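In this text the structure is predicted, and so the values were computed from the model without any measurement.
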Amino acid sequence: MGFPPEYFDSGLAYQAQAGDTFIVTYPKCGTTWTQHILWMLHHDGEPLPLGKNINLEVPHLEEVGSEFVAALPEPRLIKTHLSYELTPYHPQAKYIYVARNPFDCAVSFYYHTKGFIKHYDFAKGTFDEFFECFIAGEVDWGDYFDHLVPWIEHKHELNVLCLTYEAMKSDPKAAIIAIATFLGAAYIKKVENRRILESILDHTSFTRMSKDQSRWSSERPNHLPPFIRKGEVGDWKSHFSASQTQKLTQKFRQRTAGTEAATIFQNASSPVI
Ligand code: A3P
């Protein structure tokens with residue numbers, strides 16, 4: 001992943017504080033989108049301006065380390081891709097977990113890996129090659145299911161909010177309200193203000209976030225899709241072969257059987273799983 005190992009280790013040792021809000025995801029599941037929603041909620045509906053980078057405002061714990069995060073103004077907004085077991089815990093911190101179906105996640109992760117030429121030697125890699133790594137769990141942050149299943153098992157805890165990317169897509173307004181409600185009375189008040197709610201809805205839409213992408217990520221080669229790429233549910237259908245579909249479906253069934261994660265993508269009509 002190309003993060004300095006000392007920052008990664010220091011991130012793991014961060015002491016979570018009451019008042020911290022963590023956005024937790026497996027990579028490519030809607031992290032940046034949720035970071036921007038949270039940032040806008042904290043800034044009364046103002047979008048992140050050009051010239052700022054979301055990863056300095058809502059930093060990635062494993063990338064910047066604990067000192068950087070501890071020095072943030074309160075309340076801290078923190079991004080992490082860590083597993084449930086490794087994520088720093090405080091009973092009065094809040095955890096927003098966003099899950100995305102593994103098929104679209106794999107496709108998005110493929111373009112991500114291809115595009116970050118500074119971090120990965122995969123510029124010429126094919127989807128078939130990436131799929132083999134993904135299904136084997138040999139990608140950054142490990143196996144998708146090792147991440148998903150334990151987090152979803154904790155979805156009933158009072159300081160955990162679980163959302164799906166798919167439900168956020170089908171009803172973004174409900175997702176924003178669900179996040180504000182989870183954060184508490186001061187945030188409910190913000191989204192009761194129509195101007196604020198409409199502004200968050202507008203500026204966190206795929207179309208708006210596709211503009212001025214230097215706010216989200218470093219430069220990528222021009223011939224490759226941008227970081228905010230397609231933002232669709234079901235893009236996997238134009239990438240997966242029949243046998244890849246069967247393999248991942250089988251792995252999904254095996255790894256989620258008897259767990260809360262088994263049905264989370266079946267009904268995307270509610271933003272909360
Ligand atoms: P695609 O590659 O499928 O387009 P992350 O932020 O976790 O890295 O996730 C990136 C994925 O979320 C990309 O998916 C990106 O396009 C999508 N995304 C980012 N902002 C979005 C938005 N406002 N609405 C919908 N999808 C968004």
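- Ring planes of W141 and F8: tilted class, angle from 30 to 60°.
- Shown here are the side-chain contact (heavy atoms from CB on, under 4.5 Å) partners of D143, two or more places apart in sequence or in another chain: F145, D146, K251, R255.
- The two residues G11 and P88 have their closest heavy-atom pair at O-CG, 4.0 Å.
- Atom CG of L197 and atom CG of D202 lie 11.0 Å apart (nearest 0.5 Å).
- Using a distance-only test at 3.5 Å, with no hydrogens or angles considered, no donor-acceptor pair links the side chain of T263 to the main chain of Q266.
- Put simply, the side chain of W216 gets close to the backbone of M209: a donor and an acceptor are under 3.5 Å apart.
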- Task: Apply the test ring-ring contact (aromatic ring centres under 6.0 Å, His included) to residues Y97 and H147: give CA-CA distance (whole Å), side-chain angles for both, the deciding distance (0.1 Å), then the verdict.
- Result: CA-CA 10 Å; Y97 187 78; H147 203 277; 5.6 Å; yes
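- Of all heavy-atom pairs spanning L148 and A99, the tightest one is CD1-CB, 3.7 Å.
- By the criterion of side-chain heavy atoms lying less than 4.5 angstrom apart, applied directly or through intervening Ile, Leu, Val, Met, Phe, Trp or Tyr residues, V149 is not grouped with L248; the two fall into different hydrophobic clusters.
- For D104 (side chain) and V233 (main-chain N/O), no donor-acceptor pair under 3.5 Å exists by modelled atom type.
- Put simply, the side chain of H81 does not reach to within 4.5 Å of the side chain of V24, judged on heavy atoms.
- Relative ring orientation between F127 and H239 is described as perpendicular, the plane-to-plane angle rising above 60° on a 0-90° scale split at 30° and 60°.
- Looking only at side-chain heavy atoms (C-beta outward), S214 and L50 come within less than 4.5 Å of each other.
- Nearest heavy atoms, K169 versus P172: O-CD, 3.5 Å.
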- Query: Would E62 and K79 count as a salt bridge (Lys or Arg N to Asp or Glu O under 4.0 Å) if you check the C-alpha gap in whole Å, the side-chain angles of each, and the deciding distance to 0.1 Å?
  - Reply: CA-CA 9 Å; E62 308 87 287; K79 156 183 165 178; over 6 Å; no
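- Residues V98 and T31 are not in side-chain contact: their nearest non-hydrogen atoms beyond the backbone lie 4.5 Å or more apart.
- Side chain of H90 to main chain of Q92: a donor-acceptor pair is present (N/O by atom type, distance under 3.5 Å, no hydrogens or angles).
- Residues L56 and V64 share a single hydrophobic cluster, defined by chaining ILVMFWY side chains whose heavy atoms lie under 4.5 Å apart.
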- Query: Run the side-chain contact (heavy atoms from CB on, under 4.5 Å) check on Y14 and I78 step by step: do they pass?
  - Reply: CA-CA 11 Å; Y14 174 67; I78 306 160; 3.9 Å; yes
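- Contact detail for P91 and N159: the closest heavy-atom pair is O-ND2, 3.3 Å.
- M40 is listed as a side-chain neighbour of S199, based on a closest heavy-atom distance under 4.5 Å.
- Taking hydrophobic clusters as Ile, Leu, Val, Met, Phe, Trp and Tyr residues chained together by side-chain heavy-atom distances below 4.5 Å, F130 does not share a cluster with L224.
- At most 12 heavy atoms of other shown residues, nucleotides or ligands fall within 6.0 angstrom of atom OH in Y7.
- One N or O on the side chain of Q244 and one on the backbone of S241 form a donor-acceptor pair closer than 3.5 Å.
- The closest side-chain heavy-atom distance from N101 to I264 is not below 4.5 Å.
- Between Y95 and Y89, the ring planes are parallel. Angles under 30° get that label, and only those over 60° would be called perpendicular.
- Under the 3.5 Å distance criterion, the side-chain polar atoms of T164 are left unmatched by any main-chain donor or acceptor of F265.
- Annotation: side chain of D235 is in contact with side chain of R229 (closest heavy-atom distance under 4.5 Å).
- Aromatic ring orientation, H112 versus Y120: perpendicular (interplanar angle above 60°, classes split at 30° and 60°).
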- Query: Given Q35 and N55, is the side chain to side chain donor-acceptor pair (under 3.5 Å) satisfied, shown in steps?
  - Reply: CA-CA 9 Å; Q35 281 172 285; N55 293 308; 3.2 Å; yes
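- Within the 4.5 Å cutoff, the side chain of Y110 has no heavy atoms near those of the D128 side chain.
- Side chains of I179 and L161 form a contact here, defined as non-hydrogen atoms less than 4.5 Å apart.
- Side-chain contact check for T87 and T80: no donor-acceptor pair (N or O, by modelled atom type) lies under 3.5 Å.
- Between the side chain of K114 and the backbone N or O of A123 there is at least one donor-acceptor pair closer than 3.5 Å.
- Remark: H36 NE2 to H43 NE2 distance equals 10.0 Å, nearest 0.5 Å.
- Cation-pi geometry between K94 and F182 is met: the NZ or CZ atom falls under 6.0 Å from the ring centre, inside 45° of the normal.
- The minimum heavy-atom distance between Y111 and P225, with the atom names listed, is CD2-CG, 3.7 Å.
- Linking Ile, Leu, Val, Met, Phe, Trp and Tyr residues whenever their side-chain heavy atoms come within less than 4.5 Å places I135 and F103 in a single cluster.
- Shown here for F22 and A93, the closest heavy-atom pair between the two residues is CE1-CB, 4.2 Å.
- How far CD1 of I176 is from OG1 of T181: 11.5 Å, rounded to the nearest 0.5 Å.
- Side chain of H42 to backbone of L38: a donor-acceptor contact under 3.5 angstrom is found.
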- Test log, rule ring-ring contact (aromatic ring centres under 6.0 Å, His included), inputs F206 and W33: CA-CA 8 Å; F206 181 82; W33 184 9; 8.8 Å; no
- Would you check, one step at a time, whether the test side chain to side chain donor-acceptor pair (under 3.5 Å) holds for E260 with H156? CA-CA 10 Å; E260 300 257 16; H156 300 295; 2.9 Å; yes
- Query: Would F109 and V139 satisfy side-chain contact (heavy atoms from CB on, under 4.5 Å), going step by step from the backbone distance to the final call?
  - Reply: CA-CA 9 Å; F109 211 164; V139 288; 3.9 Å; yes
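- Put simply, I196 and I188 are part of two different groups of oily side chains (I, L, V, M, F, W, Y) that touch within less than 4.5 Å, one to the next.
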- Task: Carefully, step by step, assess Q246 and T249 under the rule side-chain contact (heavy atoms from CB on, under 4.5 Å).
- Result: CA-CA 5 Å; Q246 197 224 339; T249 303; 5.7 Å; no
- Item | Step-by-step side-chain contact (heavy atoms from CB on, under 4.5 Å) determination, D44 to K190 | CA-CA 7 Å; D44 296 334; K190 292 190 195 217; 2.8 Å; yes
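- How far CG of D140 is from SG of C133: 10.5 Å, rounded to the nearest 0.5 Å.
- Side chain of T259 to main chain of A261: a donor-acceptor pair is present (N/O by atom type, distance under 3.5 Å, no hydrogens or angles).
- Applying the side-chain contact (heavy atoms from CB on, under 4.5 Å) test to Q15 and every residue at least two apart in sequence or in another chain returns Q17.
- Take H154 and apply the side-chain contact (heavy atoms from CB on, under 4.5 Å) test, not counting sequence neighbours, and it matches Y84, E157.
- For the side-chain contact (heavy atoms from CB on, under 4.5 Å) with V69, the lone residue among L61, D20, L77 that qualifies is L61.
- In this structure, the side chain of R215 does not engage the main chain of I54 through any donor-acceptor pair within 3.5 Å.
- Summarising the local packing, CD of E129 is surrounded by more than 12 heavy atoms from other residues, nucleotides or ligands at distances under 6.0 Å.
- Aromatic ring pairs are classed by plane angle as parallel below 30°, tilted from 30° to 60° and perpendicular above 60°; the pair F240 and W236 is perpendicular.
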